[in-house]
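Throughout, residue positions are numbered sequentially from 1 according to the sequence presented. For ligands, and for the atoms within them, numbers begin at 1 and follow the listed sequence.
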Amino acid sequence: MLVALRVRYNPLIFRTTFKSCLCLSTSAPNKPPTIPLLGQKYPTDSSTNITSAITDKLARNLYLEPAHPLGILRSVVERHFSDFTALSGWSPLVTPSKNFDDLGFPEDHPGRALTDSYYINRDLMLRTHTSAHEVEVFSRGERRWLLSADVYRRDEIDASHYPVFHQMEGARVFPATPAGMAEVEEDNARLTAHLERSNIVIEDVPHISATNPPQPTHDLRHAELVALNLKLSLNSLMLSLFGGRTGTSGEPLRVRWIEAYFPFTTPSFEVEVFFHGKWLEILGCGVVQQQTLNRANVPDNISWAFGLGLERIAMILFSIPDIRLFWSKDPRFLTQFAAGEITTFKPYSKYPPCYKDVSFWVPDTGLHDNDVFDLVRDTVGDLAEDVKMIDTFTHPKSHRTSRCYRINYRSMDRSLSNEETNDLNAAVVSRLAEAFGVEIR
Ligand code: DAH
């Protein structure tokens, strides 16, 4: 069984030698000198932490499939912003500079850490967000654009977290001139009239406040007009996505704006929508930091931008209960969807889960949760439904720390036998010991 899994989850290679790169807290002597990604070879170094469970996903491009929920949602957003340039197909391999520095992330931002992001080597990483392409798109002179892509983050394992997911970035640029501001005002009047005719209730916050300040180089009136254009444009998108659907039918759609913080925008906001009885976080947005536009060589402009997670919204709109389903090749999943249509997913029978607990002494050098999660994914793929640390304690005499993780094994397409689950768990246990030097209890 494990051999079959290996082939299935690891067609690319290097499980036996490459696994040592998971071991961030100890040295990694057996790393191959290069790794193949998207048809090219890249040198490894001490920063390399990408696993084969991840490399297998690089070429899937789920968001480009027209009848896949992610592709359908992308096309709904693109249809809404029909006069925006829709960009896609951009390589996920970016420099840390593009992903972070260009956007004003501080040197010590936690997102840069090896425990949070996937690095091919110290100079190349998998983008963690679509904002990584802002400078490049702005520098092409695009004034209204959307960019959809796969993004990668090291994270926990459960029904709503997956290390690969998809985002859409959108932005609109205006010349910071009287003519540019006249264009904003005209668009604001059009959108206001549209929203006044619609069944929507908006809880707003000020466009600008002491805690959500304008940028020193911006004319205050320009910043206010552009922030208003951002809000009106996104309220209108929320109506297209959520208005009049079950859960809100008859009732007005409720949208709430919240002050937020992002290194690359100010003022910044988050948008939430009340759907099926709950407030749901939908996206982040704001007025783009001037230094991003300056870097892109379009300094005399002012822009808004937003970024939304496709899985999060698709799970709500299509009633998809587990994020792993997006990766399923099971016809019982795939045949339920048709291009251009948001429909409700009918779950097929769930197969029984099987819990296994793994307890071990943590090595003195420490061990990050994400290292454990990535090792589990790399070993058993999507057969792990969730992984939780359920217990930890430090021995009073030896001062050693013990941790216990509970792994819930469940396949989405078939029943796993007890023997198979034991094999999977045994493989996890032996790789944990091998890669991190933990002592199994
Ligand atoms: N890149 C952010 C993230 O991944 C989302 C985001 C926030 C994008 C604000 C934006 C923005 O363009 O203006 O969490």
Legend entry - salt_bridge(R221, D219) N-O dist < 4.0 Å: no

Legend entry - Where at least one partner belongs to residues 35-57, residue pairs that pass ring-ring contact (aromatic ring centres under 6.0 Å, His included), sequence neighbours excluded: none

Legend entry - Sub-4.5 Å side-chain heavy-atom contact between R256 and F274: no

Inset, instruction - May I have the step-by-step check of salt bridge (charged side-chain N to carboxylate O under 4.0 Å, His left out) for D150 and R127, ending in yes or no? - result: CA-CA 8 Å; D150 40 336; R127 72 183 148 228; 2.7 Å; yes

Legend entry - D374 bridged to R377 by N-O distance under 4.0 Å: no

Legend entry - Residue contacts for ligand 1, heavy atom to ligand atom, distance under 4.0 Å: H129, S131, E134, R153, Q167, E169, F262, F264, T265, G284, C285, G286, A305, F306, G307

Inset, instruction - For the residue pair W327 and Y162, categorise the inter-ring angle as parallel (less than 30°), tilted (30 to 60°) or perpendicular (more than 60°). - result: parallel

